[in-house]
Novice: 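The following block contains the structure, expressed as structure tokens.
Letters A, B, ... mirror the listed sequences (proteins, then strands); counts begin at 1.
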2 protein chains.
Amino acid sequence: MLDDRKKRILQAIVDEYVSTAEPVSSSCITKKKGLDYSSATIRNEMSELEKSGYLEKTHTSSGRIPSVKGYRLYVDELLKEDNISIDEIKFIKEKLQTKVNQIEDLMKIATNTLSEVTHYTTVAIGPKVTKQIIQEIKFVLLGSRMLMVVILTDTGMIKETIINFEEDVYENQIQTINLLFNKKLQGKPLEQINEPLEEYFYNEMESSANMIKAIIDQLNKLIYEETKLYLEGTNKSFDLPELRKAETARNFINILENKTEVVDLLDSEFAKDINVYIGEELDDENLKDFSIITLKGEDSELGTIGIIGPKRMNYSKVISVMRYIQNLIDQGGI
Amino acid sequence: MLDDRKKRILQAIVDEYVSTAEPVSSSCITKKKGLDYSSATIRNEMSELEKSGYLEKTHTSSGRIPSVKGYRLYVDELLKEDNISIDEIKFIKEKLQTKVNQIEDLMKIATNTLSEVTHYTTVAIGPKVTKQIIQEIKFVLLGSRMLMVVILTDTGMIKETIINFEEDVYENQIQTINLLFNKKLQGKPLEQINEPLEEYFYNEMESSANMIKAIIDQLNKLIYEETKLYLEGTNKSFDLPELRKAETARNFINILENKTEVVDLLDSEFAKDINVYIGEELDDENLKDFSIITLKGEDSELGTIGIIGPKRMNYSKVISVMRYIQNLIDQGGI
DNA sequence: GTTTAGCACTCAAACCAAAAGACTGCTAAA
DNA sequence: TTTAGCAGTCTTTTGGTTTGAGTGCTAAAC
């Protein structure tokens with residue numbers, strides 16, 4: 001579709017614009033390696049790239065900036081995925097090596113690392129818990145009125161919660177409950193904890209009926225509590241020149257405030273591996289000047305991470321770093 | 001020191017400046033209730049207030065803005081503590097009523113509420129855990145290689161952590177460990193978990209020595225992990241006109257990045273009840289254009305909350321809301 | 001056919017001067 | 001003690017000019 005030279009020019013323009021945030025002139029491209037034509041030649045090429053929709057001008061006599069279509073081509077075909085330095089590799093390795101016990105901690109660290117290395121705002125949602133299979137449930141009496149319930153799932157994830165009772169609870173009650181819950185719920189997915197025990201709610205074993213109900217209620221809260229959201233590096237974004245513009249800044253604040261949209265995006269089954277969404281590609285007024293890159297773990301128990309940056313984001317760097325982190329997590333097991 | 005009229009004028013100026021962020025002119029004050037003198041009279045008064053250091057000018061012919069000394073007087077003597085609307089009371093009550101099981105959750109909700117109502121950035125640190133007394137320790141085996149340790153303290157706080165072992169762990173080992181830990185550690189403050197068990201690290205009961213050490217190591221991590229920090233509403237702050245200025249914005253970002261300074265402040269024993277720190281009163285270059293208001297729970301198990309806003313912060317509103325939340329928490333027990 | 005030098009043209013940004021406007025401070029009268 | 005009135009100060013606004021970076025096009029060179 002585009003000949004090789006045009007592609008190389010487009011690539012050079014994107015790279016330049018990503019780093020300077022200023023419209024790119026023909027003479028600037030002249031200086032790039034492998035493109036030492038006269039500015040007039042480049043000008044002609046740029047003019048054609050604009051006609052086919054890959055470039056835009058901010059005003060008649062300005063340099064060019066990439067259009068969404070231009071960024072798209074760049075991301076799909078031209079981008080180098082090795083844009084990561086030794087120092088960065090070292091830094092990432094070190095941070096991810098921290099021994100963690102729970103996937104949640106890993107997500108937190110990964111989110112933080114990604115934001116530190118890329119300097120963009122990073123957001124993540126934890127793994128979906130509803131489909132996981134209950135392997136074992138433990139009850140721990142704390143003091144005389146607090147009961148901790150711990151659930152271990154087949155993937156090794158641990159969820160726990162605490163229930164406060166108005167009256168004293170006794171060990172033998174706990175043992176009965178323990179037997180009952182494990183018998184009825186082991187092997188069931190978390191989302192199905194309700195029916196198997198409903199019959200006991202208003203049943204003969206009155207003494208424990210209230211307790212059972214209270215526990216189930218609390219577990220439901222635990223399972224359906226808002227998806228846990230990790231957010232890092234929002235402040236860094238306010239250094240971006242695009243956020244000088246009041247309107248763009250407002251939009252960015254809106255995005256962070258109504259996180260739901262971002263969560264929906266991260267959550268969508270559409271997202272697989274690494275995905276790039278550029279500006280208007282996402283049909284959201286607030287997001288029109290931003291791009292989002294998402295990373296979903298291979299086994300979906302890991303949750304999804306997303307980076308929000310300006311359309312002029314350093315796609316190459318972000319994707320390289322994401323790819324590296326992905327590999328690290330994949331080999332490392334948890 | 002200042003006569004009544006001067007105080008009322010100062011108060012009017014602070015109130016006006018807080019809401020407009022523009023230097024206040026003499027004629028503006030004329031319109032305020034109880035101050036219907038001519039602008040010339042007000043001008044004379046303002047001139048004297050400036051001479052005594054309560055007001056400042058941004059340039060020779062501008063209106064006046066309060067100085068730190070001016071704000072100080074306002075906060076100490078002139079401020080109304082009932083600046084809170086019925087709607088706000090309703091909103092706060094509703095949010096804080098959410099049943100929580102753990103102090104951490106309460107802190108999170110309080111921080112969030114405070115930020116929602118005041119529109120300022122709110123930061124909080126959790127309660128100090130090291131001094132609390134161990135009441136009981138429970139061990140829960142999850143699967144065959146994961147051990148959860150739960151500690152209940154005298155104040156009803158619960159801390160838990162998980163340890164992954166390389167080899168299978170057996171119930172009878174856990175029972176021994178359980179007995180040992182509870183015998184040696186009950187009644188001791190959390191910060192003293194090390195010595196009582198050191199003798200067992202390399203001791204006769206070899207089989208468990210490694211386990212004991214691993215558990216103690218992990219508990220140390222838990223106890224001395226960085227003080228948990230809650231942060232809410234940073235984005236809202238970027239709407240403030242003072243953050244239009246690049247330098248002030250930079251300072252603000254710095255504050256959020258090196259949270260340590262804020263934590264130190266919140267953590268200092270100096271902070272009691274409600275405290276106000278205005279601009280240069282805190283000897284920190286980054287904070288010179290900001291004020292911080294802190295709220296410390298009566299029983300220090302609650303941690304401390306701080307609000308960071310511009311010097312032109314709505315002291316009256318913030319303090320009113322804090323006071324209300326404080327009362328709510330105090331009566332409510334946890 | 002492709003490349004390039006050269007020049008006219010465009011438009012944003014920088015610059016400058018003048019005018020307007022919002023204040024104050026001071027003086028003198030009420 | 002208060003206030004009307006006015007001169008003086010400094011910022012903000014306005015409008016016009018210049019500058020300069022860039023383009024597009026044409027015609028010559030390769």
Side-chain angles (χ1 to χ4, degrees), chain A residues 2-10 12-14 16-17 19-67 70 241-242 244-248, chain B residues 2-10 12-14 16-17 19-67 70 241-242 244-246:
Chain A
L2 288 187
D3 64 55
D4 181 59
R5 191 171 72 178
K6 284 209 178 58
K7 283 188 183 170
R8 269 160 42 225
I9 291 175
L10 178 60
I13 291 176
V14 174
E16 181 69 17
Y17 186 60
S19 74
T20 64
E22 297 289 335
V24 182
S25 72
S26 53
S27 62
C28 168
I29 295 304
T30 330
K31 291 165 209 139
K32 302 285 161 191
K33 219 169 61 177
L35 290 170
D36 46 351
Y37 301 88
S38 77
S39 68
T41 309
I42 302 291
R43 221 146 42 229
N44 289 332
E45 294 284 62
M46 281 165 83
S47 174
E48 287 182 42
L49 278 166
E50 186 182 355
K51 276 204 194 74
S52 9
Y54 295 97
L55 294 178
E56 286 169 359
K57 283 198 281 197
T58 60
H59 59 88
T60 24
S61 68
S62 78
R64 301 302 204 299
I65 63 174
S67 67
E242 15 277 279
R244 288 291 115 76
K245 265 188 68 187
E247 191 213 332
T248 319
Chain B
L2 287 187
D3 64 55
D4 181 58
R5 192 171 71 178
K6 283 209 179 58
K7 282 189 183 170
R8 268 160 42 225
I9 291 175
L10 177 61
I13 290 176
V14 174
E16 181 69 17
Y17 186 59
S19 75
T20 64
E22 297 290 334
V24 182
S25 72
S26 53
S27 62
C28 168
I29 295 304
T30 327
K31 292 164 210 138
K32 301 286 163 192
K33 220 170 63 181
L35 291 170
D36 45 352
Y37 301 87
S38 77
S39 66
T41 310
I42 302 292
R43 235 167 6 248
N44 289 332
E45 294 285 60
M46 280 164 85
S47 174
E48 286 182 44
L49 278 166
E50 187 183 355
K51 275 205 194 76
S52 11
Y54 295 98
L55 294 178
E56 286 170 0
K57 282 198 281 196
T58 59
H59 59 88
T60 26
S61 68
S62 78
R64 302 301 205 298
I65 63 174
S67 66
E242 15 279 278
R244 289 289 115 76
K245 265 187 69 186

Novice: Given atom CD1 of A:I65 and atom P of C:dA12, what is their separation to the nearest angstrom?
Specialist: 14 Å
Novice: Do B:I42 and B:M46 come close enough that some side-chain heavy atom pair is under 4.5 Å?
Specialist: yes
Novice: Let me know the distance between NZ of A:K51 and C1' of D:dC25, rounded to the nearest Å.
Specialist: 11 Å
Novice: Expressed as a whole number of angstroms, how long is the span from A:E56:CD to D:dG22:P?
Specialist: 18 Å
Novice: What is the distance, to the nearest angstrom, from the CD atom on A:E16 to the P atom on D:dG22?
Specialist: 11 Å
Novice: So does B:E56 get a backbone contact from the side chain of B:S67, meaning a donor-acceptor N/O pair under 3.5 Å?
Specialist: no
Novice: Write down the distance between NE2 (B:H59) and P (D:dT11), rounded to a whole number of angstrom.
Specialist: 6 Å
Novice: So, is A:S38 close to the C:dT4 phosphate, meaning a side-chain N or O under 4.0 Å from OP1 or OP2?
Specialist: yes
Novice: With side chains defined as the heavy atoms from C-beta onward, is the minimum distance between A:Y54 and A:P66 less than 4.5 Å?
Specialist: no
Novice: Rounded to whole Å, please give me the gap between OH in A:Y37 and P in C:dT2.
Specialist: 12 Å
Novice: Report the distance from atom CD1 of A:I42 to atom P of C:dA5, rounded to the nearest whole Å.
Specialist: 13 Å
Novice: Could you tell me the separation between the CZ atom of B:R8 and the CG atom of B:L2, rounded to the nearest 0.5 Å?
Specialist: 13.0 Å
Novice: Please list all pairs meeting salt bridge (Lys or Arg N to Asp or Glu O under 4.0 Å) that have one or both residues in residues 26-40 of chain A, counting only residues at least two apart or in different chains.
Specialist: A:E16-A:K32
Novice: Measure from CD on B:E48 to P on D:dT2 and round the result to the nearest Å.
Specialist: 11 Å
Novice: Base, backbone or nothing for each nucleotide of nucleotides 21-27 of chain C, written B, S, -, heavy atoms under 4.0 angstrom, 5' to 3'?
Specialist: -BBBBB-
Novice: Quick one: side chain to side chain contact (heavy atoms under 4.5 Å, CB included) partners of A:S27, sequence neighbours excluded?
Specialist: A:S25, A:T30, A:S39
Novice: Among residues at least two apart in sequence or on other chains, which ones pass side chain to side chain contact (heavy atoms under 4.5 Å, CB included) with B:T58?
Specialist: B:P23, B:S62, B:I65
Novice: Who passes side chain to side chain contact (heavy atoms under 4.5 Å, CB included) against B:S38, sequence neighbours left out?
Specialist: B:A40, B:T41
Novice: Estimate the overall bend of the helix from C:dG1-D:dC30 to C:dA30-D:dT1 from the end axes over five pairs each, rounded to 10 degrees.
Specialist: 30°
Novice: Could you give all pairs that pass the salt bridge (Lys or Arg N to Asp or Glu O under 4.0 Å) test and reach residues 39-53 of chain B, with sequence neighbours left out?
Specialist: B:R5-B:E45, B:K6-B:E45, B:K6-B:E48, B:E50-B:R64
